[in-house]
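Everything on this sheet refers to the single structure shown next.
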Amino acid sequence: MVRQQPFREIAREIERRIRQGVYPENSALPSRPELAEEFGVARATLDRAIQELTRSGILVSRHGSGTFAAPVAEKKFRVGVVSGAEFMEYAGSIFDAVFLNPAELENRSAWRRLFEFDGLLWVRPEAVLFPAIEAIAPQVPSVLINRVVADLPYVSSDHRRAYYEITRSRIAAYPEALPVLLQSRPDSLVTGYRCEGFVDACRETGKFYEVVRMPLDFKEKVATLEEHLKLSDERPLLVVSDTRAHTGALMRWSAFHPVEWRGNLFYSDFDNDFDTDIFGVRVTGFLQDQELLFKEAAAKLKRTLDGAPDAESGLLVYPEFRDADT
C-alpha cells in the first residue's frame with residue numbers, strides 16, 4: 001500500500017479543521033505535544049506538518065505565544081489533472097493545475113508524486129490506472145470524469161441510459177429491424193457501459209441482436225462490416241456504434257450497397273458532432289459536453305477541498321441527442 005507521508009496527512013487534517021471552523025481564524029492551536037499525542041506521531045513529524053502549513057500561510061507562528069490559525073482566504077488549490085492536455089484551459093481558471101501524463105502513472109513508483117497535490121481529477125482513466133486510483137483516492141481527494149466506480153466521486157455521461165433509450169426507441173419504431181452493435185475495445189469501461197445499454201434494450205423487448213467486434217484498421221473495419229451486415233428490405237438493419245471512430249467505415253461500406261437511410265439501414269453513433277459528417281451525411285447520435293463534464297467535476301472537487309458537504313457521490317450528465325439523417 002502506497003501511503004502519503006504522515007506529516008502530509010496531519011497537515012491536511014489541520015487545514016481541514018481550520019477551513020471548517022474547528023480552529024477559528026486567529027485562534028491558537030492546541031499545543032504541539034497535545035497534537036503529537038492526538039495524531040500518534042513523534043514531535044518531529046508534527047513539527048514538520050506545522051512548518052508546511054506555516055510556509056503556505058495556513059498557520060501563523062508568534063514567538064512566545066504559539067501557533068495560530070491564519071484568517072481563511074480563498075485558496076487556489078494545487079490540483080493534478082490526469083488527462084490529455086486539452087482540458088488544462090478549463091482547470092487553470094479554477095485551480096493551480098498541473099497536467100499529469102496518464103502513461104507515466106502506470107508505474108507504481110510514480111504514484112508518490114500524487115501526494116504533492118491538494119486534489120486530483122482523473123479524466124477518462126482506463127482500467128490500467130485503477131490500482132493507482134484505489135490506492136491514492138482515500139488519501140488525496142479525487143474525482144473521476146467519465147468513469148463510474150463504486151464508492152468514488154465521479155461525474156460522467158450517462159452512457160448506459162443513452163444507449164438504452166436510442167436502441168429502445170428505434171426498436172419500438174421499427175420492430176422488424178435487426179439490432180447490431182459495432183463495439184470497440186470490449187475491455188474499455190465506457191464502451192462497456194454503452195454495450196450494456198444496447199443489450200438492456202434488446203433483451204427487454206425480446207429482440208435477437210448481434211455485437212460485432214470492430215478492429216482498429218480502417219480497411220479491416222470495412223471488411224468486418226462486409227462480413228456481418230446484410231441489407232434486406234424485409235429486415236432493416238438497426239446499427240448502433242459505440243464511437244464515431246467506426247462511422248467512416250460504415251459510410252464507406254454503404255457506398256457499395258443499395259443503402260436507403262431510415263429505410264433499410266438506421267445508424268447511430270456517439271460524439272459525431274461535425275456540422276456535416278462523413279460523406280455529407282449527418283449522423284443520428286449523442287453528443288457529450290466535455291467542458292461541462294470537466295467543470296462539474298472541478299466544482300465537485302473544489303467543494304470537497306473547501307470542506308463543504310456533497311450530497312451525491314456521483315453525477316450523471318445526460319448527453320445531447322441529435323436526431324439527424326440516419
Around Asn107, counting heavy atoms of other residues, nucleotides and ligands shown, do more than 12 lie under 6.0 Å from its CG? yes
Minimum side-chain heavy-atom gap His159-Asn146 below 4.5 Å: yes
Spatial distance of atom CD (Gln51) from atom CG (Leu46) [nearest 0.5 Å]: 10.0 Å
Candidate pair Glu165 and Arg168, rule side chain to side chain contact (heavy atoms under 4.5 Å, CB included), full reasoning: CA-CA 5 Å; Glu165 290 192 357; Arg168 182 72 177 80; 5.7 Å; no
Measuring from Arg235:CZ to Leu178:CG, what's the distance to the nearest 0.5 Å? 4.5 Å
So, does Ser142 use its side chain to make a donor-acceptor pair with the main chain of Val140 at under 3.5 Å? yes
If only atom types and distance count, is the side chain of Asn264 paired as donor or acceptor with the main-chain N or O of Ser232 below 3.5 Å? no
Quick one: side-chain hydrogen bond (donor to acceptor under 3.5 Å, both in side chains) pairs with a partner in residues 214-225, sequence neighbours left out? Lys221-His246
Test question: given the 4.5 Å side-chain rule for I, L, V, M, F, W and Y, name all other residues clustered with Tyr174, or answer none. Phe266
Determine the minimum heavy-atom distance between Leu105 and Ala110, stating which atoms define it. CD2-O, 4.1 Å
Within the distance-only criterion (no hydrogens, no angle test), does the side chain of Arg170 pair as donor or acceptor with the backbone N or O of Tyr267 below 3.5 angstrom? yes
Is there a donor-acceptor pair closer than 3.5 Å between any side-chain N or O of Lys207 and the backbone N or O of Pro175? yes
Is the shortest side-chain heavy-atom distance between Val79 and Leu305 below 4.5 Å? yes
Judged by atom type as modelled, is there a donor-acceptor pair below 3.5 Å linking the side chain of Thr284 to the main-chain atoms of Ala324? yes
Looking only at heavy atoms, what is the nearest atom pair of Phe218 and Gly248, with distance? CE1-C, 3.6 Å
Any heavy-atom pair between the side chains of His257 and Leu229 that's under 4.5 Å? no
Taking every heavy atom of Thr167 against every heavy atom of Cys202, the minimum-distance pair comes out as CG2-SG, 4.2 Å
Shared ILVMFWY cluster between Val128 and Ile133, side chains joined below 4.5 angstrom? yes
Ile136 side, atom CD1; Arg112 side, atom CZ - distance, nearest 0.5 Å: 8.5 Å
Kindly give the heavy-atom pair with the smallest separation between Gly80 and Leu100, and that separation in Å. CA-CD1, 3.8 Å
I'd like to know if the side chain of Asp242 reaches the main chain of Ser184, judged simply by a donor and an acceptor atom lying under 3.5 Å from each other, with no hydrogens or angles considered. yes
Please tell me if the side chains of Ile50 and Thr67 come closer than 4.5 Å, counting only heavy atoms from C-beta onward. yes
Joint cluster assignment, Phe68 & Ile14, ILVMFWY side-chain distance < 4.5 Å: no
Looking at Glu13 and Arg17, does any basic side-chain N land under 4.0 Å from a carboxylate oxygen? yes
Where do Pro102 and Leu129 come nearest, in terms of heavy atoms and distance? O-CD2, 3.6 Å
Any side-chain to backbone donor/acceptor pair from Arg322 onto Val283? Under 3.5 Å, distance only. yes
Evaluate side chain to side chain contact (heavy atoms under 4.5 Å, CB included) for Leu316 paired with Val148, printing each intermediate quantity in order. CA-CA 9 Å; Leu316 287 175; Val148 178; 4.1 Å; yes
Could you walk me through whether Ser157 and Tyr193 satisfy the side chain to side chain donor-acceptor pair (under 3.5 Å) test, starting with their C-alpha distance in whole Å, then the side-chain angles of each, then the deciding distance to 0.1 Å, before giving a yes or no? CA-CA 10 Å; Ser157 286; Tyr193 303 145; over 6 Å; no
Going through the checks in order, is the side chain to side chain contact (heavy atoms under 4.5 Å, CB included) test met by Arg194 and Arg160? CA-CA 5 Å; Arg194 295 173 185 175; Arg160 184 169 185 160; over 6 Å; no
Can any side-chain N or O of Asp325 pair as donor or acceptor with the backbone N or O of Arg282 at less than 3.5 Å? yes
Return the CG to CG distance between Leu29 and Leu35, rounded to the nearest 0.5 Å. 6.0 Å
With clusters built from Ile, Leu, Val, Met, Phe, Trp and Tyr whose side-chain heavy atoms come within less than 4.5 Å, directly or transitively, what are the remaining members of the cluster of Val199, listed by chain and number? Tyr163, Ile166, Ile171, Leu181, Phe198, Tyr209, Val211, Leu238, Val240, Phe270, Phe286, Tyr318, Phe321
If I take atom CZ from residue Arg124 and atom OG from residue Ser156, how far apart are they, to the nearest 0.5 angstrom? 11.0 Å
Is any side-chain heavy atom of Val239 closer than 4.5 Å to one of Thr326? no
I'd like to check Lys300 versus Val155 (side-chain heavy atoms, cut-off strictly below 4.5 Å). Are they in contact? yes
Could you give the distance from CG (Leu121) to NZ (Lys302), rounded to the nearest 0.5 Å? 13.0 Å
More than 12 heavy atoms of other residues, nucleotides or ligands under 6.0 Å from CD of Glu210: yes or no? yes
So do the side chains of Arg147 and Tyr154 get within less than 4.5 Å of each other, counting heavy atoms only? no
Do Pro30 and Glu38 make a side-chain contact, defined as non-hydrogen atoms from C-beta onward lying under 4.5 Å apart? no
Does Asp323 come within less than 4.0 Å of Arg262, counting only side-chain N to carboxylate O? yes
Report the C-alpha distance between Leu293 and Gln288 in whole Å, list the side-chain angles of each, state the deciding distance to 0.1 Å, and finish with yes or no for side chain to side chain contact (heavy atoms under 4.5 Å, CB included). CA-CA 8 Å; Leu293 287 170; Gln288 296 182 94; 4.2 Å; yes
